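Report on the structure given below.
Quick caveat: nothing in here was measured; it's all calculated off a predicted structure. Proteins get letters first, then strands, A, B, ... in listed order; numbering begins at 1 in each.
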Amino acid sequence: MLISKKQSLFSWVERLPRPLAKVVSNPFVVSAVVGVGIWWLLAGNVIEFLPTPYQVAGAFVGAITSSEFYIDMAITLRRVLIIAVGAWLLATILGIAMASSWPIETAINPLVFIGLAIPAPLGIYFAILIFGLGELTSIIALFVIVTPYVAVIIYGGAKARDKRLVEMAAVFRFSRWQQLRDITLPELAPSLMSGARFAFAMGWKLVVLVELLSSNVGIGERLQYFFVFNQPARVIGWTLTFTVIMVFVERYVFATLEKKLLAWRPIEDAGKGMAPVA
Amino acid sequence: MTVVPSDHFINIEDVFFSYPQSNLLALDGASLSVKRSEFACILGPSGCGKSTLLNILSGLFVPSKGRVTIDGDVVFNDGQMASGKLPRIGYVFQDDRLLPWRSVRQNIELALKSAAIPKSEWDGLVEHFLGLCGIGQYADTWPGNLSGGQRKRAAIARAMAIDPTSLLMDEPFSTLDEVNARFLRRELLELWQKTKQTILFVTHSVREAVYLADTIYIMTKGPGKVMERLTIDVARPRQYEDPRLTEIEGSIISSVLNYWGYYEPTAVQG
Amino acid sequence: MSAQNAVLTGPRDRSFKISGMQVKRALLIAGLVAVTLLAWQLLWDKTDWLSSPAETWVFFVETVCNPATYSNLAATASRLFIGLFIGYIAGLTAAFLMHKSKWWDRFTRPYVFIALSTPALAFCLISLMVFSLSDLGVYMAIAGTVFPFVSISLLAGLNSIDAHLTEMTEVFRFSWFDRLWHQAIPDMAPHLFSAFRNVHALAWKVVVLAELFSAQNGIGYQYKRAYAFFSTKRLIVWSIFFMLMVMIVEYGILRPLERVVFRWRK
C-alpha cells in the first residue's frame, strides 16, 4: 500500500532546533548511541568478562601510542603484502590455465576443492610439521590456503568470457596483442580486481592466525599473549587497529583502483565479489 | 466534471492521485461509471493513468481525493479507505503474473482460498473455468511449460474463478502476437457472454476497444482525465474487420489526435 | 530402448551415456591419485615426520570403529548448528531492518560492516574470553562471524523479490502466510540456497578454529592433539572426517532439497 503514515513517535525531534534535530535523527548517530549504550549496560553486569567501551578505548589508545605496535604491525603488514601479491599472481596463472585447458582443469579442480574445504589451522599445522617454525612456514602455508579461493574467482571470470567478442575480434582481424589488451584484460578486470581484494582480506586474517599458532612475532603473537593472560580489552583494542587499516585499504586503495579500472561498468554491478573468509 | 449519471455499478467520481515521491498528478479528477454486466474499455495513450485507475479499483492505491463506489458500497471517500472488506476483484495483468513454482491449478486455488471460497467448491470451479478458457488439460502443468497464450488463459481463468464483483483487465493482450490476440479477444467476448461479469478493460489500441466494448471512456494524455464517453451500438457477435467498426475507429482517431499530442504535465498545487 | 521411451523418461537417461571426455577425465584423475600415493610413499621413506599411507589407512579404520569418534563429531556438529541458528536469527533481523527503510538501513549497516571486517579469529578469541571458554563462547563466535554474510545475502534476496508478483498477491488478497510461503520464499530460494552454502562452509571452519582454543572434544580439539603428538596421520584422518561431514550436508540435505524446490524449472 502506498499510504504513508506520519511517525508520531519521533515528532518531538521536529520541535528541536534545526541543526540539533538533524544530528538527533541521523540514523548513524542513533545507531552508534544505541550500540554503545547496550554494550555499556551489558559489560561487567550481565556479561561478567565483557570489557566496557571505555576500557577498550583505553586499550586502543594504548596500542597506537606504543612503539611495539608499529614494529609488530610492520612485520605483519610485510607478510600480508608478500602473501596477497604472491597468491594473487599464482591464482591468476592457475585460473586462466584452468579455464583454457581441460587437462589442467581436471587435474587442478580436485585440489582446489580440497583447498576450499579444509580449515585453515590444518594447513598451518601441516606446514609447521613439515618445515618447522619460521618465516618460510608461515608464507608457504598461507600461499597454499589463500591461492585456491582466489583461483576460483579468477577461473570463474575467465570461464564466463563472452565468446561473441572473440568472434567480433576475429571478424575485424584484431592482432594478438590487441585481443589481449582490448578484450581479454578488460573482460578479466572485474574478477582480477575482486581476486586481489579477496587475497588481501584473507591474507590479513590468516597471517594473524599463523602468527598466533606458531608464536611468530607480529600482531597475532601479541593477540595470543593477551588471550593467554586474559586481557579481553586489549584483544579488542588491538583487533580494532588492524580492522581500521583493513577498512582504509579496502575503502581508499581498492575502491579508487576499481573506479579507475572499471569505470565503464554500469553502476549496479560495482562492489560485487564479497565472499566469506574465515 | 461528471460525464455520466452516478447510479451505475462502478462509480468513480472526481478522483485525484499522485505517486509518492512525485509531484506530478497521475489522475486529475477522473470520473467514469460502468453498468452491471457491461463491457467497458478505458482507452488512452501510455502514461495517461489508466493502469493507476485499475490499481485504485483493486485497492492497491488510495486516491487523495474523490469517491469510488462499487455495487453501492463506498470503497474510497476523499482519501479514506472504507472500513470493512473491499469488494472482491478479479484482475488480469499485462503480464500473466502466475507463480512459476506452482501449477496452474495451485495458482487458481490460491486465489480461491484468498477469496474465502469454501474448499469443497475448488475442484469444480478450477475444472469449469479452465475448461471455459480451453486449457483444462494443463491444470497440473507449471506455467513455465505453457505458451504465452496458454498462460494468458490461465490468468483469465484465475480472475474469473473467484466470482469477482468486477473483472479488471490491464492491456492483457498487448504482449501476444496479433493472431493470438485476436483469437483470445473473440474468446473473451464469448466467455463474458456466458458469465456476464462486469469487465473494465484498459487498452491503448483503438481497434481493440471498439471491437470489445459496450462503452469506451477516452482519457487524455498526461494527468488522467476522462474526456469522452462513447457507446458502441454494433450488435454482437461482431466481426473484427466490420466496416462499421472501422468507421468508428477512424472517427475516434481523428478526434483524439487533438488531445493525445504533446501535453505539458501540470504540477500538483500546494 | 526405443526413441519414444527415451523421450518419455527424459533427461535421466543421459547420465548412463558416458562420453569420451568423461573417460579421459576419469583416467587423468585416477593417474593423479596414483602419482600422489606413490609420491607419498617415497617421501615417507625419506623423511621422519610423515606417516606412511598404510599407517594412515590403519589409523583411519581404527578411528571409524572407535565410538568416541562419533561423540567428537556430534559435539562439533551440535556447536555448529546452535551457532548457525543464532547467526541466522541475527542475520534475518538485520536483513529485514535494512530492507524496511532507508533510515533503518543506515542504522543497521554499521554493525554488519563491523562484523564483516572483524576476522573470525578475533571473534573466537574475544567471545571465548568473554564467555570464559564455555560452549556459549563457541556459539557466539560462529554467530558473530556468520551474521553479516547471512544478512547481506538475505537482503539481496529480499531486494530480488518480484514486485509484480507481490502486487498480484495483494490484488487477490492473499493471506500473509500464503504470501510468504507461496511467493516470497520461492522467489528468494536461489539466494537462500547460495547463502546457506557459503555460510555453512564458513561456519565449519570457525567451529574448528574455536575448538582449537577452548574445547575438550570435537574436530578442532583433535587437530590440536594431533599437532601436539606431531602426528600427520591424525591430521589427515580427522580432515577426512571433516570433509565427510561437510559433504553429507551438501549431498544429503542441500542437493535433494534443491531438486524438490526447483522442480518447476525446465
Side-chain angles (χ1 to χ4, degrees), chain A residues 1 25-28 30-32 34-35 47-51 102-103 105-107 109-111 113-114 116-122 124-126 128-130 201 204-206 208-209 212-213 220 223-224 226-227 230-232 235-236 238-240 242-244 246-247 250 274-278, chain C residues 21 24-25 28-29 32-33 47 49-50 102-111 113-114 116-122 125-126 128-132 145-146 149 152 170 198-199 201-202 204-209 212-213 219-220 223-224 226-227 230-232 235-236 238-239 242-243 246-247:
Chain A
M1 301 264 171
S25 60
N26 184 318
F28 189 76
V30 178
S31 159
V34 169
I47 305 174
E48 202 186 336
F49 300 107
L50 182 66
W102 76 263
E105 188 184 9
T106 313
N109 244 338
L111 290 180
F113 178 80
I114 293 172
L116 294 181
I118 59 170
L122 177 77
I124 295 168
Y125 279 152
F126 244 105
I128 298 175
L129 287 180
I130 300 173
W204 251 124
K205 294 173 180 185
L206 290 175
V208 177
L209 180 64
L212 191 149
L213 291 181
L223 287 180
Q224 197 221 6
F226 298 141
F227 178 67
N230 200 22
Q231 298 174 328
V235 172
I236 302 176
W238 282 63
T239 306
L240 274 179
F242 72 72
T243 306
V244 168
M246 233 174 88
V247 170
E250 168 68 27
M274 292 226 278
V277 194
Chain C
M21 196 64 187
K24 274 193 218 162
R25 279 177 196 263
L28 184 64
I29 289 184
L32 280 171
V33 171
T47 55
W49 49 265
L50 192 66
K102 210 158 181 155
W103 197 92
W104 279 106
D105 178 55
R106 288 182 58 204
F107 180 93
T108 318
R109 216 165 263 272
Y111 295 102
F113 188 73
I114 290 172
L116 197 66
S117 42
T118 306
L121 174 66
L125 295 184
I126 295 166
L128 288 173
M129 291 167 90
V130 167
F131 297 103
S132 15
T145 317
V146 149
F149 295 104
I152 288 173
E170 273 183 44
N198 285 335
V199 161
L202 179 65
W204 271 107
K205 290 170 190 173
V206 181
V207 71
V208 168
L209 190 60
L212 223 51
F213 299 110
I219 296 178
Y223 276 154
K224 195 166 65 175
Y227 177 60
F230 291 105
S231 162
T232 44
L235 279 180
I236 293 171
W238 281 99
S239 301
F242 177 85
M243 285 200 263
V246 176
M247 279 163 83

So, the part of C:V246 with a heavy atom under 4.5 Å from chain A: the answer is neither
Chain C shares the most heavy-atom pairs under 4.5 Å, among A:I47, A:V235, A:L129, A:L50, with A:L129
Is there a side-chain contact between C:L28 and A:P103 in this structure, where contact means two heavy atoms from C-beta onward sitting under 4.5 Å apart? yes
Note: vs chain C, highest number of non-hydrogen pairs under 4.5 angstrom among A:P119, A:P110, A:P121 is A:P119
Applying a strict 4.5 Å limit to non-hydrogen atoms, the region of C:F242 in contact with chain A is side chain
Value for CH2 (A:W102) from CZ (C:R25), rounded to nearest 0.5 Å, stands at 7.0 Å
Derivation of the side chain to side chain contact (heavy atoms under 4.5 Å, CB included) call for C:Y223 and A:Y125 = CA-CA 8 Å; C:Y223 276 154; A:Y125 279 152; 4.2 Å; yes
d(A:N26 CG, C:W103 CH2) to nearest 0.5 Å is 8.5 Å
Nearest heavy-atom approach of C:K205 to A:A117 is CE-O, 3.8 Å
A:N230 meets the side chain to side chain donor-acceptor pair (under 3.5 Å) criterion, sequence neighbours left out, with none
So CD1 of A:I124 and OH of C:Y227: to nearest 0.5 Å the spacing works out to 10.0 Å
Okay, A:I236 and chain C: the region with an atom under 4.5 Å from a heavy atom over there is both
Honestly, the part of A:F126 sitting under 4.5 Å from a heavy atom of chain C is both
Nearest heavy-atom contact between A:P51 and C:V130 is CD-CG2, 4.4 Å
- Message: Under a 3.5 Å distance rule, please check whether C:Y111 uses its side chain to pair with a backbone N or O of A:G35 as donor and acceptor.
- Response: yes
Bottom line for C:L32: the part with an atom under 4.5 Å from chain A's heavy atoms is side chain
Rounded to the nearest 0.5 Å, the CG atom of C:L235 sits from the CD1 atom of A:I118 at a distance of 10.0 Å
When the 4.5 angstrom heavy-atom criterion is applied to A:I128 and chain C, the contacting part is side chain
Rounding to 0.5 Å, atoms NZ (C:K224) and CG (A:L213) come to a distance of 10.5 Å
Comparing A:L212, A:I114, A:L223 against chain C, the one with the most heavy-atom pairs below 4.5 Å turns out to be A:L212
Those residues at least two apart in sequence (or on a different chain) that pass side-chain contact (heavy atoms from CB on, under 4.5 Å) with A:V247 are A:T243, A:R251, C:F113, C:S117
d(A:T239 OG1, C:L125 CG) to nearest 0.5 Å is 7.0 Å
_So C:P110 and A:F28, do their side chains get closer than 4.5 Å, heavy atoms only?_
yes
* Asked: Checking side chain to side chain contact (heavy atoms under 4.5 Å, CB included) for the pair C:V208/A:L122: CA distance, chi angles, key distance, verdict?
  -> CA-CA 10 Å; C:V208 168; A:L122 177 77; over 6 Å; no
### Query
Ring centres of C:F213 and A:F227 under 6.0 Å apart?
yes
Highest number of heavy-atom pairs under 4.5 Å with chain A among C:L128, C:T118, C:L212 belongs to C:L212
